[in-house]
Structures are given as C-alpha cells and as structure tokens.
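Reviewing the structure listed below.
Just so we're on the same page: letters track the sequence lines, and every chain starts at 1.
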Amino acid sequence: MSKVKYTDRSISAKELMYAVASMVIGVGIFNLPRYITTVTNGIDGVISILVMGGIVLGIVWIMGQFVRMFPGKGIYEILLGIIPKPLALPLIIIYGAFFALLAAYEIRAIAEITKKYLLPNTSSDSLSLLFLLVTLYALFGSRTALIRINSMFLPVVLIVSLLLVVLNIRIMHFDNFYPLLTTDLQGYGSGMINIFFSFTGISIILSYSYLVNEPDKASSAAVKGVFISIIIYTLVFVSCVAVFSNLGTDFLENPTIELGKEIELPGGFFERFESVYFTIWIMTIFNTTSMSIDSSLVVLESLFKKVKKETLIVILSPIIFFVSMVPIGMEGLEAMGTFIGRLSLALIAIVPVPLYIIAKIRGVKS
Amino acid sequence: MKKEVNSQIDHSPLLSNSLSSNLEGIQTTLGPTPDLKMLQYEIRNTSLTILYMADLVDSDKLQNILKSIKYIRYAPPVESSLFEQMYSDIYLTAQTAKVTKMNDVINHLLNGKTIILMDSINEGFSVDTYGGKVRAIEEPQTESLIRGPKVSFTEEIGVNIAMIRKQITDENLKIETFVIGERGKKKVALLYIGDVINPAIVEEARHRLQHISIDAPIDSGIIEQSIEDNFLSPFPQFISTERPDKVALSLLQGRLAIIPDQTANALIAPISILDTVQAPEDYYERWHIGSLLRMLRAFAVFISLFLPSFYIALVSFHQGLIPSRLAFSIAASREGVPFPAFVEALMMAITMELLREAGLRLPKPIGQTIGIVGGIVIGEAAVQAGIVSTVMVIVIAITAIASFTLPVYSMGVTYRILLFSFIFAAGMMGLYGISLAFIVLVVHIVNLTSLGIPYAAPLAPIFINDWKELFLRLPISFIKKRPVFLDTVDEVRSEKEE
C-alpha cells in the first residue's frame, strides 16, 4: 500500500535537531548565568560556555555516530552491540533512572519558579502535580507527536529569548564586561563543569536513535541543535552580565528571569515582561520534561518488552512525582540540581567517549 | 465506477410474465401510496404500464417517454418485438436499463426512475427520469464573499459535480460514486485529481467510505462523523463548505472532496489547523491584501482563544503585570462589581453564546430584536446595574468579533468551546493555567490527524516551504509548489517557465 511519506513513526533529521535544541534549553537557562559568574570574573564566563559548548558538540557528534553505526536500533541494543551485557545492563538502568531524576527535578523546579513569579499563594506540590499531569497527557499520545511538539514550541521560545536580549539593549552597560581575562584556570574549569548541567539534554539523540530515519544526518542535525542552544546561552549570559554586572548576577537566584523584569514593553499593556517570558518558557520546560520521562520509558520498554507503554507510564509517574517532592526548599532543589549535573557529566559527557573508541576498535560497522 | 456497499445476497423475487401480478406485487410492496402513478396503454394488443413516483421525476423527461410511446403506437410495425423496439427507441434519449427483479423495480421507482412493464414479458426497463423540484443555484449564504465566483452548491449531486467540472476541466479529475445508507440509500461522490493527490489519501478515504454503516446520510455532517479520525476531538477533521471554488482550490492543492447527494455542503480533507485562517479569497485578492488578512485572522484566533482568559489571569492573579495607569482604570471599572473576574467572564461569555444561538434560531424579521436586546441588556443595563464591569464587556465583545472573522464556521465553534476551557484554566491557575491549557491544546493538535495526515502539518512536522502560504500569502509566482505536507504526486502547480 502506498503511504504518505512522513506519516510513519520515524522522525527526520530536522525534527531531531529541534528536539535536541529544545531538550537542551530547559530549566538550566534560568540559573546558568549565576552558575558561571560565581566562579569567573567579568565576562570571562563566555570562554567557559564556548569551550564547554565545543566539547559538547564533540560528544553529540559521537552520539550521532552511534546512531549511524546502528541504524534503527534503540539505545540498549546499541550498548549491547558495543559492550557485554553485564556492563550494558547497569549502564542502561542508570541512564533510565537519571532521566527520571532529571524529570523530577524539572517538575519541582517549574513549580518553585512558578510559585515565586506567578502564583505565590499556591502550594508547589499542586503546581508540579498539574504540570506532571499535562506531561502525562503528551506521553499517552504517540512518541512521534511528542517529538514534533518541539518544532511548534522552539521557534516561539527562540523568538522570546531574542526579545529578552534585544529589549534589554537600552540598559546594558558594557563596562560590566571588565576586567577581561582575570579568571584563573580553575575558575574556567568549574564554570565549565557548572554549565554542563545545562547541556544534559543532548543524550536525547540516543534515546530516540531508533526513530531517526536519516541516520547519516543524525550527527550534523544534533550538532546544529546544540549550536542553537550555545548561541542562546552565550547571548543570555552576556546580556545578564551587561545588565546586572558579574556581581549582581551572582546575587540573583534566577538571573535570566530577572532579565525580563527590566524590560518595559512599549504600548503600556504589560509592565513586567518576566512573567510573560516565564509563561512561554513553561512550554520548553514541558518539552524537556516530557522527553526526559519518555527517555526513561524508552529504557523501560527495552528492558520489559512485554509490558505496555501505558502501564509503564502509570508505574513511573508517581515515582517521579514523589522523587520531585523529596528536596526541601530552594536549597534542596539546588543540591539536587548539582547532583544531577555531576551525574550527567559522568554519564553523558564521559561514558560515550570510551564506548566510541571500543566500537571503533571492535570495528562495528553500520 | 459504481460500488455497491453492504451488498447482500439478493433473494428478491423475479418479475413474472403476467403484468397484472407484477403490478400487484409493486402495489403490495409500496402499500397504498398517493404518489405512485400508473399509466396504462394498449399497443398492438399488448398492455403496457408506465410507473413512476410523482414529483420525483422530471416532467420533461417523462414527456419524452410518452412521446416515443405515442410514436410507436402509430408507427408501422417493425420486425423486432415491441419491447425491443421501445427499449432501443427510448435508449436514444435517456439512460435506460433492463430490470428483472422486483427489488430493482422498487428501488428504481423510489430513486425517481420510470419503469415500463409489459404483459407476457418477464422483464421491464427503467428510464432515468430523475428530477422533480430543485432549488436553483444561489449565492453562498453562510460563506459570503466580496470577490470570487458567487455560486454555491445545491442539493443535487449532479449539479454540484458539474460545478466542479466547470472549474477544473482536467481529464484527471476523478469521481468515484459510493452508495451509502441502509434505508436512505444515497450517492456520495469522492472527487480528486488523480495525478495530483497522494494515492494513500484516496485509499484511506475510499476504505472509510466503504465501511460506513448508517441508516441514512441525511446531511454531509453525518458522513463526516462516520469517517472522521477522532470523534473525541473538538476540532473538525473535515472542512464543510458550500462553495465550489473552495473545493476546486482544495482539489488543486492535492486534497480530496466528498460530495453527498441531497446536501448543500461538500467535505474537504485532509485539512490542517492552519485552514482556520485561510480563505479562498486570499488567492483572489492581490497578495498584500491576502497576506494581511491572513495575519489578521491568525491574530483573531489568538484573541478569540486567549483574550478573556488573559484578562482574568491579569486581574485576579497577576495585577502586578498591568501598568499602573491601566490598572487604575480597570480597577475603577470593576468598582462595585460583586463577582470575581472569572465569574463575570463566564456570565458574559455564556450570555454571548445565548445571543448567538437565539439570533440563529429566530426568524429573520424578528432577528433584529436580538441585536437590540443584546446591545441594551449587555452593553448598558448590566454595566449600570453593577453586575459586570465595562472592561469585561469590551473584552467579551472583542472576543466575539474576533471569532466571527474565521472563514470556517465549525472551526469558529471549536474555538468558542476552547475559550471556556481557557477561562476555567485562567480562573484556577492564572497565567500558569493558561500556559498548561495551551500545552494540552498543542499536544492534542499534534496528535490529531485528518485522513491520516497530521493536523498540525506545516508546523509539526515542519515544512518550511509550506510557510509561504501559512500566515502570509506570497505572490502567485512564489508559490509554484503544491503543499508539501500533502505529499502530492505532481508537486509543481505550473511547469511553464515565464
């Protein structure tokens, strides 16, 4: 039977690019400038972003190569193709658990920030529960649709981010950039480690590897997706430093959102842009969260092949919700974020490299 | 091409040799009915009966049959039998078929055909005399337009198909006919341009049409509901239109149309969410006008979905977002209003819906009353009584006006339904609620399909080339390609180089 080209379950390289970009740009961007300014001086953090960005581009390229080597294979099959099962099994379980943890963090973070900026009188657990329910609605739908939602939200999010920068130009002080290059090497290093959390999403390419219908283009698509996020991160960081100065950024809990506070929209309909900005940003966090949970589901599905996706969702979602309730207050959340960042550094930044080398040595061919 | 749906094995009795027993059989089947007409003739010692249902037949066509009978009656006898002679004679002027089964005779009679039976022959023949009183072609009533062809569909399938044929004189305009319904068997035509549309779409539509099982497709809406992708969705998955030009344009884009008999609407599919903002007139006017109007409609969609909920969110939850001057004037207008903004909006929105529905139901001469009542009650009295604030009246009025700008009626209704869910979301959780409700909406749209084609098509999955006709309508010379999301066989609209 003839088919309309794109109505099967696969995703194109372009859709992968959008997915990677919006997966990467998540909650991380709210705190990103602060994470960097705490360890660097002036505008020096840009170097950290760019260097880390470069490394991430490399990692994501390697991940794309895995997709090329094993077209149509899921992440667990890829792992089994490279390393023996006793190694692959714990790795995949950690990977799945990591994404569940990330989703829990995002759900809690969105609730806390909503409470802070939009609904101060509502309890954060009801806010996060509602958010989780919306995410579940998306998860119960088709996976392809879940990925395609990115291409609807990403343009909006990018435009709003650019607006955030452009509308602030009036109050930017470029003196805030100085002194240049006074940070020590250690500072750059910890800056890089701190921002890796904001790049955690890149491994989405492995979670959805089996859906990509153009495996050869996977690497370049993912690289482009990450590139978009590097540009956004750099722009946001530079404008934060230009507006608040390095020290000022340091004192703000969510400097990126505060950036919106300074904006006065012409026309006199809205005063504080930050709430509007955050409202729109909820969409991208939704994307990140839904794809995180979905990544966990992909792992679970590959481990329990006979169980239906719906059953897995029903089992997994309460766990995620309870985990999201564990951290106490903003400090607890911050600690959780740091933990996730370190874990992701080990799991996503470091692990793929030896895997790639092993695959090359063992001569795995596509 | 004709396909019998739900064909069962036919056990119906055959016609017998005796005319009187045949006639008796017909009369017992139909019962005592005033509109069954029988004309008895006696030609060359053979009795002959002409049967038809009054008002179902076209009198001119009937006259033709009578004329040829008259001619045969007085003409010198020929070698062939009377039956053969008549058959071949009438065959020249009208679509004629032989019938041998009682069931067929009844069916043909009920479908406006004229049956001629003779004594001592166990078959008869039916002549297509379908006609009767029909409505003339009129200007479109519900989709009025300034510029463009001012014709609309009638209830006659033949006339409607001819209207499309006049627009698209292509040999590849394919028309398949299906017969649908158990008790009200009706023709339903499936139209598409064979070498443009993706065959998978046609196959899907054909498959669905063949599996309809309903009593009688009284209107296109019943067919639509029998073949739609998702019956839970508030979004229509077919566009219903009364304008042949809209159908023709859609066919050229690579879509298909379903035209049922006895309804003045055609269905167009597959469609996408963006058809909400697209009207055929955009292509008739010059591109600046087309583009601006499209953007205006896109803006109207947002207004009609979000304005009241946004107002509620701002007034009840995020007063800080309103600049102080505006906040003062809103606060002044809300002075003395006893209800929260959410209740206020709900009351006004429901009143608006009541007015709209009442305006539709009332006969035209007293229809204006509703305008006066609505204008005075809502605009003046409610505000003066201190039940609602003036700002809320403005908000609801603008929302209503915005929802009127949409070219597809059923989509407009969808947005009105969704408006209420957004009002509830805003009333509960402010901007956060609106944002979540919007996400749910987008998730739903992305998951939805129309004849298997994603409903959010040029946006998700993304087709940059189709964006030329998204909210803009670029000059005709720029849009050489047919919509990519429909995956057409013939991708280019015109291959002539200029």
Distance-only criterion, 3.5 Å: show the donor-acceptor pairs between side-chain atoms of residues 153-164 of chain A and protein atoms not counting sequence neighbours.
from: A/Ser161; atom 1: OG; to: A/Val157; atom 2: O; distance (Å): 2.8

Exercise. Which bit of A/Leu146 comes within less than 4.5 Å of chain B, counting heavy atoms only: side chain, backbone, both or neither?
Worked result: neither
Problem set entry | Atom group of A/Thr122 that falls short of 4.5 Å from chain B, counting heavy atoms | side chain
For this session: Select one option (side chain, backbone, both, neither) describing which atoms of A/Tyr18 are under 4.5 Å from chain B's heavy atoms.
Result: side chain
Problem set entry | Donor on one side chain, acceptor on other, B/Glu344 and B/Ser389, under 3.5 Å | yes
Problem set entry | Side chain to side chain, B/Phe310 and B/Phe422, heavy atoms closer than 4.5 Å | no
For this session: Let me know if A/Thr114 has heavy atoms under 4.5 Å from chain B in its side chain, its backbone, both or neither.
Result: side chain
For this session: Keeping to residues at least two apart or across chains, list the salt bridge (charged side-chain N to carboxylate O under 4.0 Å, His left out) pairs with something in residues 207-228 of chain A.
Result: A/Glu214-A/Lys217
Problem set entry | Side chain / backbone / both / neither for A/Leu133 at chain B, heavy atoms under 4.5 Å | neither
For this session: Could you tell me which non-hydrogen atom of A/Thr288 sits nearest to which non-hydrogen atom of A/Ser22, and how far apart they are?
Result: OG1-O, 3.4 Å
Exercise. Any side-chain donor-acceptor pair under 3.5 Å between A/Asn254 and A/Lys116?
Worked result: yes
Exercise. For B/Ala327, is it the side chain, the backbone, both, or neither that has a heavy atom closer than 4.5 Å to a heavy atom of chain A?
Worked result: neither
For this session: Sort B/Tyr455 into side chain, backbone, both or neither according to what part of it lies under 4.5 angstrom from a heavy atom of chain A.
Result: neither
Exercise. Which answer fits B/Ala437, side chain, backbone, both or neither, if we ask what part of it has an atom under 4.5 Å from a heavy atom of chain A?
Worked result: neither
